[in-house]
Amino acid sequence: MPAPTHTLAEGLRLPVNGLDYVILALYFAVVLGIGFAARRSVRTSLDFFLSGRSLPAWVTGLAFVAANLGATEILGMAATGAQYGVAVVHWYWIGAIPAMVFLGLVMMPFYYRSKVRSVPEFLLQRFDRSAHLLSSALFAFAAILIAGVNLYALSIVVEALLGWPQWVAIVVAGIFVLAYITIGGLSSAIYNEVLQFFVILAALIPICVIGMKKVGGWDGLSGNLEKQHGDNFLTAWSGTGIGDPNPLGANWLTIILGLGFVLSFGYWTTNFAEVQRALSAKNLSAAQRTPLIAAFPKMFIVFLVMLPGLIAAVLVPKIGTAGSDLTYNDAIPYLMQELLPNGVLGIAVTGLLAAFMAGMAANVSSFNTVFTYDIWARYVVKGREDGYYLKFGRLITAIGVLASIGTAFIASSFSNIMGYLQTLFSFFNVPMFVVFIIGMFWKRASMQSGVWGLLAGTTAAMLNYFWIYKQGVVDIPTDQGANFVSAIVGFVAGAVVMVAVTFFTAPKPEADLAGLVYGTASPGLEDDGAEPGDSAWYRRPALLGWGAVVLAAACYVPYSF
């Protein structure tokens, strides 16, 4: 199948009127209002970067899922649904839920009790300065690249749908994100993400409901897709035997190991854009429940992003091919143009813009924290008063937004923006995950093994993608299949190098590993701020976590074969 172009179709224009623009203006006014309201609580750098560790679990839980529900989630997953069919559920039920539960039950106690302010800072405590500096630099670079994806996606959608020039859309969105983060810090970003979560739902639900009616319900949808793409297009696991052809171009082993374990765990457990939301919770119980609460809406959001892709595949049978003017990324904008009346259209446009800003804000707010705490304050300007770092945090936020504008167009070389994101995750998140998981469960892992594991994992994943896959050394059918393989290669290379280096270098003194390695106690931190209501049965992390895993497994049943 020919690769689709990266831009939206020239003919897509939404018939917006004054009512739609009023809804959009009201939303932007509320966004800035939340920023100014949050400013009153920002007195220290901890308030600015981590909301003073004071937020309740339901707020951080919704912000956790909304931070991920950005442009790449909505446009990218709808595009993935149009291109690969029901296989998109793998990114949720096996590619998200188990890792989110692992983060809540296993990793958050290490993060929260160690009082780290960022994910790289944990590596400093567990390994050494080299691992810390390298991970900080890699994460800061990746955060800017990912924020740029959201800006680029926003610009091409706004240009296609509203007729605004790309540079206008980029500047307007960048200014608003910069304004509410700079004014109110992480609290502003989080409370806006909670608002954005509900606005995004209000945008997607009408598209799905009206679209399903247009194609004749599930029977009409499934019947048409089976005729066009075959039975495997509507199942999650059929045709995934090793060597069998399927729309995704991956087999069950690469799906489970590459997506379900390496990519998924690498992203959800080490991506500071997500973990930062949990670290802002008011106590350990709330921090653990943050990803667990988020897991429940996460597993059902797949229907709101998958259905538009499937519906678009029926209404435009040749979408994404040389025989159509529409790319896979056009799925949701096309349905907005064709199906939604004014008023509802304004809500949908607002929801789409909210998604872009949520994704960008999550990465910019994590970037400013890592750059300020882990690079600037640790290695460049050390020992200054807290007020200095608060001011610098606001300055680096502005620089981060400008850098995101510069990286926005790198995404233009990828036909599916979700594929681009998965490529970045295999390069940056997977090597960090292998270092975390070995360091957290193996006391013998030496201090030097951390930095060498990061280098080996990142290098191996890049070599696999750019040389073995892109140069055709090994035939891998799709970009997504190549991403799964790159993730596995990066994980294995990082693990092997860490083990090898450990046997030739000295381990960290066991006394310095307290609270950082599984099975060691955290001295002096028995009181984690738990409140009386936290012990209620329905708030127990184990119940929430295992309940989410069982429910996600049950969701697979209707789509398995």
Side-chain angles (χ1 to χ4, degrees), residues 35 38-39 41-53 67 111 114-148 174 177-190 270-280 360-407 424 428-429 431-432 435-436 447 450-451 454-455 458:
R39 182 182 179 87
S41 64
V42 178
R43 297 181 179 85
T44 68
S45 63
L46 188 66
D47 294 332
F48 183 78
F49 294 117
L50 288 176
S51 301
R53 299 186 189 270
Y111 282 140
S114 62
K115 299 300 180 185
V116 296
R117 296 164 297 185
S118 70
V119 168
E121 191 173 3
F122 183 88
L123 292 183
L124 174 65
Q125 295 188 17
R126 174 58 185 89
F127 293 101
D128 60 8
R129 290 165 61 92
S130 298
H132 173 253
L133 181 58
L134 178 59
S135 64
S136 299
L138 289 175
F139 178 81
F141 181 60
I144 293 301
L145 286 174
I146 296 170
V177 171
L178 174 62
Y180 72 74
I181 295 180
T182 303
I183 293 169
L186 183 62
S187 294
S188 175
I190 285 178
T270 66
N271 183 28
F272 189 49
E274 303 294 339
V275 175
Q276 187 181 29
R277 273 74 194 146
L279 288 178
S280 67
M360 181 183 177
N363 284 282
V364 170
S365 61
S366 59
F367 164 79
N368 65 20
T369 303
V370 168
F371 197 93
T372 301
Y373 279 146
D374 293 288
I375 297 177
W376 194 260
R378 180 74 60 177
Y379 300 104
V380 183
V381 179
K382 297 180 282 188
R384 295 290 296 272
E385 68 280 2
D386 186 74
Y388 169 83
Y389 296 114
L390 176 59
K391 292 178 181 177
F392 181 81
R394 289 194 164 106
L395 172 64
I396 201 62
T397 300
I399 295 173
V401 170
L402 292 175
S404 299
I405 293 173
T407 62
L424 293 181
F428 300 112
N429 291 89
M432 196 173 296
V435 172
F436 264 85
M447 291 185 291
V451 66
L454 277 173
L455 281 172
T458 302

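If you read the sequence from its start, that first residue is 1, and numbering goes on from there. Predicted model, so just to flag it, every value in this text is computed and none were measured.
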Locate the shortest heavy-atom distance separating [X] from [Y]; write the atom from each residue and the value.
X: S365; Y: R277; result: OG-NH2, 3.2 Å
X: V364; Y: A147; result: CG2-CB, 4.2 Å
X: A143; Y: N363; result: O-CB, 3.5 Å
X: F428; Y: A142; result: CD1-CB, 3.7 Å
X: M432; Y: V119; result: SD-CG1, 4.0 Å

| Taking only residues two or more places apart in sequence, or in another chain, which ones meet Y111 in a ring pair (Phe, Tyr, Trp, His ring centres under 6.0 Å)? |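 Once residues adjacent in sequence are excluded, the partners of Y111 under the ring pair (Phe, Tyr, Trp, His ring centres under 6.0 Å) criterion are F122, F436.
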| said: According to side chain to side chain contact (heavy atoms under 4.5 Å, CB included), who are the partners of L134, at least two apart in sequence or on a separate chain? | reply: L138, V451, L454, L455
| request: Applying side chain to side chain contact (heavy atoms under 4.5 Å, CB included), name anything that partners V370, two or more places apart in sequence or on another chain. | output: S118, P120, S136, F139, F272, D374
| query | Do Y379 and L133 have side chains that get closer than 4.5 Å, going by heavy atoms? | reply |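 Yes - at least one pair of side-chain heavy atoms lies under 4.5 Å apart.
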| said: Are I399 and F371 packed together at the side-chain level, in the sense that at least one heavy-atom pair is separated by less than 4.5 angstrom? | reply: no
| request: Please test F392 against V381 for side chain to side chain contact (heavy atoms under 4.5 Å, CB included), starting from the C-alpha separation and ending with a verdict. | output: CA-CA 11 Å; F392 181 81; V381 179; over 6 Å; no
| Distance in Å, I396 CD1 paired with T372 OG1, rounded so as to fall on 0.5 Å steps |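 If I round to the nearest 0.5 Å, the distance is 6.5 Å.
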| R378: partners by salt bridge (charged side-chain N to carboxylate O under 4.0 Å, His left out), with sequence neighbours left out |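 R378 satisfies salt bridge (charged side-chain N to carboxylate O under 4.0 Å, His left out) with E121 only.
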| Y389: what forms a side chain to side chain donor-acceptor pair (under 3.5 Å) with it, not counting sequence neighbours? |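 By the side chain to side chain donor-acceptor pair (under 3.5 Å) rule, Y389 matches no residue at all.
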| query | Just by distance, with hydrogens left out, do D386 and T44 show a side-chain donor and acceptor under 3.5 Å apart? | reply | no
| So which pairs with a foot in residues 131-148 pass salt bridge (Lys or Arg N to Asp or Glu O under 4.0 Å), sequence neighbours left out? |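 As it turns out, there is no salt bridge (Lys or Arg N to Asp or Glu O under 4.0 Å) pair with a partner in residues 131-148 once direct neighbours are skipped.
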